[in-house]
2 protein chains.
Amino acid sequence: MRTKPRTGRKAAIREENERAIVRAAEQVFAEHGYQGATTGEIAERAGVPKANLHYYFPTKDDLYQEVLGRIFGFWQEAADALDDQDHPVEALTRYIGKKMDISRAEPLGSKIWAQEIMHGTPTVHEYLEKTLKGWTRSRVAMLERWIADGHIRAVNARYLLYMIWATTQHYADFEGQISILNGGRPLSDAQWGEAKKTVTEIILRGIGAIE
Amino acid sequence: MRTKPRTGRKAAIREENERAIVRAAEQVFAEHGYQGATTGEIAERAGVPKANLHYYFPTKDDLYQEVLGRIFGFWQEAADALDDQDHPVEALTRYIGKKMDISRAEPLGSKIWAQEIMHGTPTVHEYLEKTLKGWTRSRVAMLERWIADGHIRAVNARYLLYMIWATTQHYADFEGQISILNGGRPLSDAQWGEAKKTVTEIILRGIGAIE
DNA sequence: GTCTATAACCGGATAGAC
DNA sequence: GTCTATCCGGTTATAGAC
């Protein structure tokens, strides 16, 4: 008997359990941090006994890496939005919009990422060195080409990128604060639209891409 | 004999120990999160036996509250920079500059604050409700007056404020990522100046306050 | 006011029956 | 593949000698 059958009843059970565990883990890691998260609470939220969690994910760290892997996917997806040779206005509008959408749809992933960075990148250091560093360099080069071509003003491209990351991720990482300042309610559809519009316009106008 | 003499040799010892413990606590809380921080490591970094830490701060939570108190001071100080009726360009330039300076001088506090928010504001909920909410409301009103007076364009004032918070705090909260992308070195004096200039210009131009 | 030794507890991980 | 019972290491907090 295979340990991890790809099809059949057991495979379906495995997949459903793993899915439930990873989702629960995202919530608990985001809310309590790596150390604060307990496998007991994750198992409870996933609706499985703690021993079963350890059957699917031998160690807490394995589970954490699985969760970080999911996040990487979303970040990569957003990164692709800036990976072409469109006009600056369209490219940046799409990139900012996509990042805002991810902040709304996957705030937990963004929070786990932020905490991982604040804790000294123990797990994602390699990713930053090997993938993000190169991607950033190429995007900076692209922005500098736009500057040379007169599409946008001469701003520091790297700090512009940081500004976009910071501003869009803030809506995920600080959603608790934003909700409280919004009268205890999460932002509505209309407010999200307004936030996205505000962020996009200030940045585009700030670099002289519009008006 | 007083338990907490205000002067004399014992008072000096107390003050020095408390100071060392709080500084060490900032480092450990920022790096490992509330749960990940151990009183043992804090005591070790402060150079006192663990039992002595508990003599000065009975519980880990007391120490955490002390650390958060220090942070509030810096945030309040930055908030004051926007508390007057100057021209928008000067007021916002000073506020952004001050927030960037705090990000550089006190990144640990910013990180602890960010994590506290991400963990659901268990400790600072009251502060957000009672202090930050009112301050934000008054600053939004001020910005809207500037818009009405034609000093800046009609942007959503609340999301503009969030943008300033996000962008400036990013340099503290994500300093690990920024350092890696900077070739493994923290930003130099010149780079900090360039970052501050870039952030300030994009925002001021983005709201039509300059150019 | 200091510090060693320890109590009391909790959480990650596993053994082993089903 | 599931789950109860348990081990073991680590953490907060304190007792009590100095």
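Within every chain, numbering begins at 1; the chains are lettered A, B, ... in the order of the sequence lines, protein sequences first and strands thereafter.
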Between [X] ([atom1]) and [N] ([atom2]), how many Å, whole number?
X: A:Asp61; N: C:dG11; atom1: CG; atom2: P; value: 19 Å
X: A:Ile21; N: D:dC3; atom1: CD1; atom2: C1'; value: 13 Å
X: B:Gln35; N: D:dT11; atom1: CD; atom2: P; value: 12 Å

Nearest to the side chain of [X], heavy atoms from C-beta on, is which of [options]?
X: B:Lys60; options: C:dT2, D:dT12, D:dT2; answer: D:dT12
X: B:Thr38; options: D:dT12, C:dG1, D:dT14; answer: D:dT12
X: B:Ile13; options: C:dC3, C:dG1, D:dT4; answer: C:dG1
X: B:His54; options: C:dC3, C:dT14, D:dT12; answer: D:dT12

So does [X] get a side-chain nitrogen or oxygen closer than 4.0 Å to the phosphate oxygens (OP1/OP2) of [N]?
X: B:Thr39; N: D:dT12; answer: yes
X: A:Tyr56; N: D:dT2; answer: yes
X: A:Asn52; N: D:dT4; answer: no

Query raised in the report: With a non-hydrogen cut-off below 4.0 angstrom, is A:Phe57 in contact with a base, only sugar-phosphate, or nothing?
Result: nothing
Query raised in the report: Checking all strands, does B:Ala37 fall into the base, sugar-phosphate, or nothing category for heavy-atom contacts under 4.0 angstrom?
Result: sugar-phosphate
Query - Lys/Arg cation over aromatic B:Tyr34: B:Lys60, 6.0 Å, 45° cone - result: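 The answer is yes, since B:Lys60 meets both limits relative to B:Tyr34.
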Query - Pair B:Glu44 + B:Lys50: basic N to acidic O under 4.0 Å - result: no
Query raised in the report: Between the side chains of B:His119 and A:Gln115, does any donor sit under 3.5 Å from an acceptor?
Result: yes
Query - Base C:dG12 to side chain A:Lys50, donor-acceptor N/O within 3.5 Å cut-off - result: yes
Query raised in the report: Parallel, tilted or perpendicular: which fits the ring planes of A:Trp113 and A:Phe72, with parallel below 30° and perpendicular above 60°?
Result: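 Perpendicular.
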